[in-house]
Trainee: 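A single structure is presented below for examination.
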Amino acid sequence: MPTILVIEQEELIRGLIRVILESASYNVVEAGEGDAGFQLARAGGIDGVVLDCMGYRSNGIGVLRHLRGDATTAHLPVIALCGLGQSGAEVGLWANSLVVKPFRPQQLLLKVEMTMSARMEAARQAQMARPTASA
């Protein structure tokens, strides 16, 4: 199963997201701060990111910009967690999907599954579009 990086400063919420994703057979890697999460993403082995855009330590929008601006992480699908009063306009420009806090576990899981499925389909289509060498 794919490995999802969860960048969330609140340990309780991070643990909840871990349980939700692991119950659906995802592998989960966690970071409590944005810089640490970005470094984990750059290290490789990550297939997608769930990113808190509200926390001061997670620095969601800044991390989102770094992820999109780095050649090693630009391809990663990002599901952004935003607050009710937070404007998703800027986040929506950078993220693949948005989930508003507070969220229902099924809602988060559905967004992750849809986003990861779309990524896998795009990769499959790109693979099929590549010319093959004829023998």
Side-chain angles (χ1 to χ4, degrees):
M1 278 309 272
T3 298
I4 306 295
L5 170 62
V6 177
I7 306 173
E8 165 64 61
Q9 74 179 26
E10 297 295 328
E11 188 174 346
L12 188 62
I13 297 173
R14 216 171 43 242
L16 172 64
I17 295 170
R18 171 183 280 282
V19 168
I20 293 167
L21 296 177
E22 285 180 343
S23 72
S25 299
Y26 287 97
N27 299 313
V28 178
V29 176
E30 298 179 27
E33 297 184 4
D35 290 340
F38 178 65
Q39 293 307 318
L40 285 169
R42 288 194 78 224
I46 302 297
D47 299 300
V49 179
V50 174
L51 174 64
D52 171 29
C53 288
M54 296 172 53
Y56 65 93
R57 285 194 333 242
S58 55
N59 183 22
I61 294 174
V63 172
L64 211 42
R65 287 181 181 152
H66 286 303
L67 288 169
R68 293 299 182 234
D70 188 288
T72 60
T73 60
H75 69 283
L76 294 174
V78 177
I79 298 93
L81 304 176
C82 300
L84 270 175
Q86 189 176 19
S87 169
E90 184 175 11
V91 174
L93 293 174
W94 300 91
N96 297 81
S97 188
L98 295 173
V99 175
V100 176
K101 286 182 175 180
F103 56 85
R104 291 188 175 104
Q106 302 87 349
Q107 177 190 20
L108 176 63
L109 186 56
L110 180 63
K111 290 282 190 168
V112 169
E113 289 177 342
M114 289 173 50
T115 303
M116 295 306 296
S117 178
R119 176 183 185 254
M120 290 179 180
E121 179 61 21
R124 188 181 72 77
Q125 292 292 332
Q127 183 71 20
M128 289 176 54
R130 289 186 188 151
T132 58
S134 54

Trainee: Run through Q107, Q106, M114 and flag the one making a side-chain contact (heavy atoms from CB on, under 4.5 Å) with L110.
Mentor: M114
Trainee: Could you work out, with salt bridge (Lys or Arg N to Asp or Glu O under 4.0 Å) as the rule, every residue matching R68, not counting sequence neighbours?
Mentor: none
Trainee: Are any of the side-chain nitrogens in K101 or E10 under 4.0 Å away from the carboxylate oxygens of its partner?
Mentor: no
Trainee: For R119, enumerate each residue passing the side-chain hydrogen bond (donor to acceptor under 3.5 Å, both in side chains) test, keeping only those at least two apart in sequence or located in another chain.
Mentor: none
Trainee: Among all residues two or more places apart in sequence or in another chain, which pass the side chain to side chain contact (heavy atoms under 4.5 Å, CB included) test with N27?
Mentor: T3
Trainee: Output all residues satisfying side chain to side chain contact (heavy atoms under 4.5 Å, CB included) with P2, sequence neighbours left out; order by chain, then residue number.
Mentor: Y26, D47, M116, M120
Trainee: What's the shortest heavy-atom distance between L76 and A41, and which atoms?
Mentor: CD1-CB, 4.0 Å
Trainee: Report the distance from atom CG of L109 to atom CZ of R104, rounding to the nearest 0.5 Å.
Mentor: 14.5 Å
Trainee: Got a sec, which pairs hit ring-ring contact (aromatic ring centres under 6.0 Å, His included) with one end in residues 28-54, sequence neighbours left out?
Mentor: F38-H66
Trainee: Do you know which two heavy atoms are closest between N96 and P77, and how far apart they sit?
Mentor: OD1-CA, 3.2 Å
Trainee: Scan L98, L108, L51 and name whichever one has a side-chain contact (heavy atoms from CB on, under 4.5 Å) with L81.
Mentor: L108
Trainee: Does any pair with a residue in residues 17-28 pass salt bridge (Lys or Arg N to Asp or Glu O under 4.0 Å), and if so which ones, sequence neighbours excluded?
Mentor: R18-E22, R18-E30
Trainee: Testing the basics here: between S97 and K111, what is the closest heavy-atom pair and its distance to 0.1 Å?
Mentor: OG-CD, 3.0 Å
Trainee: Just to verify, what does E113 make a side-chain hydrogen bond (donor to acceptor under 3.5 Å, both in side chains) with, not counting sequence neighbours?
Mentor: none
Trainee: Suppose we screen for side-chain hydrogen bond (donor to acceptor under 3.5 Å, both in side chains). Which residues come up paired with Q125, at least two apart in sequence or across chains?
Mentor: E121
Trainee: Between V63 and L67, is any pair of side-chain heavy atoms under 4.5 Å apart?
Mentor: yes
Trainee: Do V49 and L64 make a side-chain contact, defined as non-hydrogen atoms from C-beta onward lying under 4.5 Å apart?
Mentor: no
Trainee: Any pair with a residue in residues 37-46 that passes salt bridge (Lys or Arg N to Asp or Glu O under 4.0 Å), sequence neighbours left out, goes on the list, sorted by first then second residue, please.
Mentor: R42-D70
Trainee: CD1 of I20 to CZ of F103: how many Å apart, nearest 0.5 Å?
Mentor: 5.0 Å
Trainee: Under the side chain to side chain contact (heavy atoms under 4.5 Å, CB included) rule, collect the residues that match up with L40, sequence neighbours excluded.
Mentor: L5, V29, A31
Trainee: Output the distance between atom CG (L21) and atom CD1 (I4), rounded to the nearest 0.5 Å.
Mentor: 6.5 Å
Trainee: Answer yes when R14 and D52 have at least one side-chain N-carboxylate O distance shorter than 4.0 Å, and no when they do not.
Mentor: no
